[in-house]
Amino acid sequence: MRIIVAGSSGYLGSRLVRRLREAGHEVVRLVRREPDHPDQVYWRPNEEDLDPGVVDGTQAVINLAGANVGDQRWTEAYKQLLRSSRVNPTAALARAVSIAADPPRVLLNASGIDYYGDAGDTELPESAPVGTGFFPDLCQAWEAATQPAERAGVRVVHLRTGMVLGASGGLLKALLPLFKLGLGGRLGSGRQWLPWISLADELAAIEFLLGADEVSGAANLVGPAPVRNAEFARTLGKILHRPAALPTPAAALRLVAGELGGELLTSKRAVPAALATAGYPFQHPSLAEALTWAIHH
């Protein structure tokens with residue numbers, strides 16, 4: 001399969017490209033600098049449309065482009081960057097796909113589990129309504145930007161990803177040093193539900209969805225057993241053989257991390273209904289399995 005990948009230099013993208021190539025796929029990477037390899041194509045999604053010839057004759061497009069949520073405090077300028085770095089590339093790809101002479105069969109487009117907002121104890125399959133706030137609004141705009149591809153008859157899947165568990169990236173990268181020192185614990189009350197997925201399952205699920213023709217629309221990329229934040233902390237401490245009894249007060253988290261800190265206190269009890277119906281086999285169905293794998297890989 002010939003696959004176009006945008007956002008290929010990030011934590012997920014670089015690992016996904018490696019996995020797809022190891023599986024025998026031909027991967028073409030969209031890059032925003034002068035290409036230095038034949039597998040790269042230069043594009044400027046904030047300034048101009050993508051030549052539809054780039055996607056013509058390919059079987060799939062995967063878009064993981066977007067500025068890192070945790071890179072800095074959420075000033076108004078950075079919030080605008082978070083939005084534009086997601087919506088603009090998605091729109092450019094969707095337009096190119098919609099007018100290609102021989103369009104791809106599927107567009108897998110990144111989204112976030114934050115689509116649902118702060119939903120308390122409510123279980124959240126893909127049919128759950130959108131929440132309110134900055135990130136639900138962003139996710140809604142992000143997903144809506146794929147509409148040209150959908151109208152052209154291309155299967156579109158919105159990858160609503162939860163917290164990806166890998167030792168070298170994401171929230172776990174920040175938490176591990178603290179927990180190894182015995183300084184870890186719950187965030188705020190610890191009652192908020194935390195939707196997690198192992199890095200291995202995240203990558204495998206994306207590859208699975210390339211061929212899962214029955215799946216379109218939203219797909220929650222989360223493990224099958226969501227946990228409360230306090231249980232996450234206890235499980236991580238137990239695996240590391242360290243206490244996890246030092247909570248981070250909600251006020252302190254907001255003071256240190258600003259609006260992002262507030263997002264870490266929201267509750268999203270998301271479940272992978274679409275993956276389960278399609279028969280995806282989780283490699284790490286429990287949090288303990290996912291954390292153990294992440295820490296040792």
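Remember, predicted model here, so these are calculated numbers, not experimental data.
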Connected via hydrophobic side-chain network under 4.5 Å: Val87 and Val69: yes

Carboxylate-amine/guanidinium proximity below 4.0 Å for Arg155 and Asp213: yes

Report yes or no: does Gln40 contribute a side-chain atom to a donor-acceptor pair with the main-chain N or O of Asp36 at less than 3.5 Å? yes

Salt bridge check, Lys268 against Asp114: does any charged N sit closer than 4.0 Å to a carboxylate O? yes

Can you tell me if Asn88 uses its side chain to pair, donor with acceptor, with the backbone of Asn46 under 3.5 Å? no

Nearest heavy-atom pair of Pro103 and Ala100: which atoms, and what distance? CD-O, 3.6 Å

Quick one: do Arg19 and Glu22 satisfy salt bridge (Lys or Arg N to Asp or Glu O under 4.0 Å)? Show the steps, please. CA-CA 5 Å; Arg19 179 188 177 94; Glu22 289 173 352; over 6 Å; no

Do Asn220 and Tyr116 meet the criterion of a side-chain donor-acceptor pair at a distance under 3.5 Å? yes

Residues His284 and Ser198: side-chain donor-acceptor under 3.5 angstrom: yes

Going by atom types only, do Ser267 and Asp118 share a side-chain donor-acceptor pair under 3.5 Å? no

So, the side chain of His25 versus the backbone of Val27: is there a donor-acceptor pair under 3.5 Å, distance only? no

Where do Arg269 and Pro226 come nearest, in terms of heavy atoms and distance? CG-CG, 4.1 Å

Could you walk me through whether Leu20 and Ile62 satisfy the side-chain contact (heavy atoms from CB on, under 4.5 Å) test, starting with their C-alpha distance in whole Å, then the side-chain angles of each, then the deciding distance to 0.1 Å, before giving a yes or no? CA-CA 11 Å; Leu20 293 174; Ile62 303 174; 4.0 Å; yes

For residues 202-241, the ring pair (Phe, Tyr, Trp, His ring centres under 6.0 Å) pairs (sequence neighbours left out) are Phe208-Tyr280

What residues form a salt bridge (Lys or Arg N to Asp or Glu O under 4.0 Å) with Arg18, not counting sequence neighbours? none

Indicate yes or no: at least one non-hydrogen side-chain atom of Arg32 is less than 4.5 angstrom from one of Pro89. yes

Does Leu12 belong to the same Ile/Leu/Val/Met/Phe/Trp/Tyr cluster as Leu82, with side-chain heavy atoms less than 4.5 Å apart forming each link? no

Between atom CD of Gln192 and atom OG1 of Thr266, what is the distance when rounded to the nearest 0.5 Å? 7.5 Å

Carboxylate-amine/guanidinium contact Glu126 Arg160, below 4.0 Å: no

If hydrophobic clusters are built by linking Ile, Leu, Val, Met, Phe, Trp and Tyr wherever their side-chain heavy atoms come under 4.5 Å apart, do Leu176 and Trp196 end up in the same one? yes

Between Pro45 and Ala92, which heavy-atom pair has the shortest distance, and what is it? CB-CB, 4.2 Å

Mind checking the NZ-CG spacing from Lys180 to Leu236? Nearest 0.5 Å is all I need. 9.5 Å

Heavy-atom pair of closest approach, residues Leu275 and Ala205: CD1-CB, 4.2 Å

Is the closest side-chain heavy-atom distance between Gln59 and Pro104 below 4.5 Å? no

So which of Thr235, Ile239, Leu165 actually passes side-chain contact (heavy atoms from CB on, under 4.5 Å) with Thr292? Ile239

side-chain contact (heavy atoms from CB on, under 4.5 Å) evaluation trace for Ile3 with Thr58: CA-CA 6 Å; Ile3 304 169; Thr58 63; over 6 Å; no

Give the cluster check for Leu183 versus Ile295: same hydrophobic cluster or not, with ILVMFWY residues linked at side-chain heavy-atom distances below 4.5 Å. no

Can you see whether Thr90 engages Arg95 through a side-chain donor-acceptor pair at a distance of less than 3.5 angstrom? no

Inspect the contact between Glu231 and Arg234 and indicate whether a charged nitrogen and a carboxylate oxygen are less than 4.0 angstrom apart. no

Considering all heavy atoms of both residues, which atom of Ala273 and which atom of Pro125 are nearest to each other, and what is their separation? CB-CB, 4.1 Å

Can a donor-acceptor pair be found, under 3.5 Å and without considering hydrogens, that links the side chain of Arg105 to the backbone of Ala60? no

Interatomic spacing from CG in Leu221 to CG in Asp201 - rounded to 0.5 Å: 9.0 Å

Distance only, no hydrogens: is a donor on one side chain within 3.5 Å (strictly under) of an acceptor on the other, for Glu202 and Thr161? yes

Indicate, with yes or no, if Leu199 and Leu287 share a hydrophobic cluster defined by side-chain heavy-atom contacts under 4.5 Å among Ile, Leu, Val, Met, Phe, Trp and Tyr. no

Who clusters with Leu107? Use side-chain heavy atoms, under 4.5 angstrom, across I, L, V, M, F, W and Y, and order the result by chain and number. Ile4, Val28, Leu30, Val41, Trp43, Leu50, Val54, Val55, Val61, Leu93, Val97, Val154, Val156

Closer than 3.5 angstrom, by distance alone: can the side chain of Arg228 be matched with the main-chain N or O of Arg191 as a donor-acceptor pair? yes

Rounding to 0.5 Å, atoms CZ (Phe179) and CG (Leu246) come to a distance of 9.5 Å

Would you say that Tyr115 contacts Leu138 through its side chain, given a criterion of any heavy-atom pair below 4.5 Å between the two side chains? no

Nearest 0.5 Å, please: how far is OG in Ser111 from CD in Gln140? 10.0 Å

To the nearest 0.5 angstrom, please state how far the CZ atom of Arg29 sits from the OH atom of Tyr42. 15.0 Å

